Amino acid sequence: MSVTSEVPAAYRNTAGDAGALRLIRDGIDDVRSRRRLVRYLVAADMRKRGADTLLGNLWWVIDPLLQMVVYVVLVTLISRGHGIEDYPLFIFAAILPWKWFTASVMDATASVASQDRLIKQIAFPKIVLPVSATAAGVVGFAFGLIPLGGLMLFSLDRITPYLLLIPVIAVVQFVFTLALALLVAAGNVFFRDLGNVARHLLRLWFYLSPGLYSLALLEQVNFLDQYPILRTLLELNPFAILFEAYRTVIWGIPDGPPTYPNFAALALLFVGSTLFLAVTTVVFKRLEPNFAKVL
């Protein structure tokens, strides 16, 4: 059985010299032309998760609920839940998108490195691997909306038409997540410790994001005034915007019911994430011809 060259000769000769716009266009074309492969990889990933554990994909329902219970008990014992009404829903509105993000990033980190045999034997656009890992996270996020609906039944006054804006916020998060997924997927090929480093950085990232607390609370206690560096970090933190947006349409605002999120902040994040995605696509496509050599 003959082994197909990892990258066609014409591609090897031009990939390194192609301009940024050409590489971005190639990346988009790679994903579009391999839509069936992406769908197959997403379905295979979901089946594998379902087969690896007894409860399978139900963990997308159970896990965020368990995390919510732990955080609610912990924070309630320490500070009585900051006096926040419907605190379980308040936390869950952040835990659900965060689980989607972390699962996608960690899966994408290993998406290329774990397919070393396939990459060495078959010539195909490797960008579909982190894209499919990120797309599989969207399916998991959809599963997570089931327990969210259950929690909303205990807060009927918070069930409003603003819930229909969740997909809009999710699109912004998906673009940002995909951009980071491409970066860590390529980086992990050359630096195999990246997965362990990412796991710890993500844990720190969550605590530096307003998931267990609100920005309004930090303003009330003048915490940000005392530590201006934290204010800067929060302003640069994409999940400060995303958590507040999800929470605004699901839980509401500190002094009122659910309402519109900050569309200006979301639009700014979307533009920034799109530019970030363009940069990471270029990085991925430039590194792609070397994957087989390193693996």
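What you see below is based on every heavy atom in this structure, not just the backbone, and it leaves out hydrogens, waters and symmetry mates. All values derive from a computational prediction rather than experimental measurement.
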Begin with the C-alpha distance, continue with both residues' side-chain angles, and end with the deciding distance and a verdict on side chain to side chain contact (heavy atoms under 4.5 Å, CB included) for Val283 and Leu182. CA-CA 8 Å; Val283 171; Leu182 294 181; over 6 Å; no
Pro210 side chain reached by Glu244 side chain, heavy atoms, under 4.5 Å: yes
Nearest heavy atoms of Thr177 and Ser104, plus distance in Å: CG2-CB, 3.6 Å
Test side chain to side chain contact (heavy atoms under 4.5 Å, CB included) on Val105 and Val184; report intermediate values, then the result. CA-CA 7 Å; Val105 170; Val184 296; 4.3 Å; yes
Relative to each other, are the rings of Phe176 and Phe276 parallel, tilted or perpendicular (30° and 60° limits)? tilted
Ring centroid separation for Trp251 and Tyr87, is it under 6.0 angstrom? no
If we count only N and O atoms by modelled type, under 3.5 Å, do the side chains of Asn188 and Thr109 hold a donor and an acceptor together? no
Under 3.5 Å, is there a donor-acceptor pair between the side chain of Thr280 and the main chain of Ala179? yes
Can you establish whether the number of heavy atoms outside Phe191 located under 6.0 Å from its atom CZ is more than 12? no
Would you say Phe154 and Met152 are hydrophobically clustered, going by side-chain heavy atoms of ILVMFWY under 4.5 Å? no
Assess the residue pair Val168 and Leu165 against the criterion (side chain to side chain contact (heavy atoms under 4.5 Å, CB included)); give the C-alpha distance rounded to whole Å, side-chain angles, the decisive distance to 0.1 Å, and a yes or no. CA-CA 5 Å; Val168 176; Leu165 293 174; 4.3 Å; yes
Test item: Ser273 side-chain N/O and Phe270 main-chain N/O as donor-acceptor pair under 3.5 Å: no
Report whether Val171 and Val131 are members of the same hydrophobic cluster (ILVMFWY, side-chain heavy atoms less than 4.5 Å apart, transitive linking). yes
Quick check: closest heavy atoms across Pro258 and Thr160, and the distance to 0.1 Å? CB-OG1, 3.7 Å
When you compare the side chain of Thr134 with that of Val138, does any pair of heavy atoms fall below 4.5 Å? no
Could you go through the salt bridge (charged side-chain N to carboxylate O under 4.0 Å, His left out) check for Asp26 and Arg22 one step at a time? CA-CA 6 Å; Asp26 288 347; Arg22 165 75 180 277; 3.2 Å; yes
With a 4.5 Å heavy-atom cut-off, do Val189 and Leu287 have their side chains touching? no
For Arg158 and Asp86, run salt bridge (charged side-chain N to carboxylate O under 4.0 Å, His left out): C-alpha distance rounded to whole Å, both residues' side-chain angles, the deciding distance at 0.1 Å, then the answer. CA-CA 10 Å; Arg158 299 186 188 275; Asp86 293 329; 2.7 Å; yes
Can you tell me how the ring of Tyr246 sits relative to the ring of Phe141, calling it parallel under 30°, perpendicular over 60° and tilted otherwise? tilted
Donor-acceptor pair, Arg247 side chain versus Gly211 backbone, under 3.5 Å? yes
Minimum heavy-atom separation for Val172 to Leu266, with atom names? CG1-O, 4.0 Å
Would you name the heavy atoms of Val249 and Pro261 that are closest together and state the gap between them? CG1-CD, 3.6 Å
Heavy-atom closest pair (Pro130 atom, Ala185 atom, distance to 0.1 Å) is CB-CB, 3.8 Å
Determine yes or no for a side-chain-to-main-chain donor-acceptor pair under 3.5 angstrom, with Lys126 supplying the side chain and Phe124 the backbone. yes
Can you confirm if the aromatic rings of Phe239 and Phe101 lie within a centre distance of less than 6.0 Å? yes
Donor-acceptor contact below 3.5 Å, side chain Glu288 vs main chain Pro125: no
Does atom CG of Leu21 have more than 12 heavy-atom neighbours from other groups under 6.0 Å away? no
Going through the distances and angles, do Asn237 and Trp205 end up as a side chain to side chain contact (heavy atoms under 4.5 Å, CB included)? CA-CA 9 Å; Asn237 184 357; Trp205 193 344; 2.8 Å; yes
Return the minimal non-hydrogen interatomic distance between Lys293 and Pro289, and the atom names on each side. CE-O, 4.2 Å
Going by the angle between their ring planes, with limits at 30° and 60°, are Tyr260 and Phe263 parallel, tilted or perpendicular? tilted
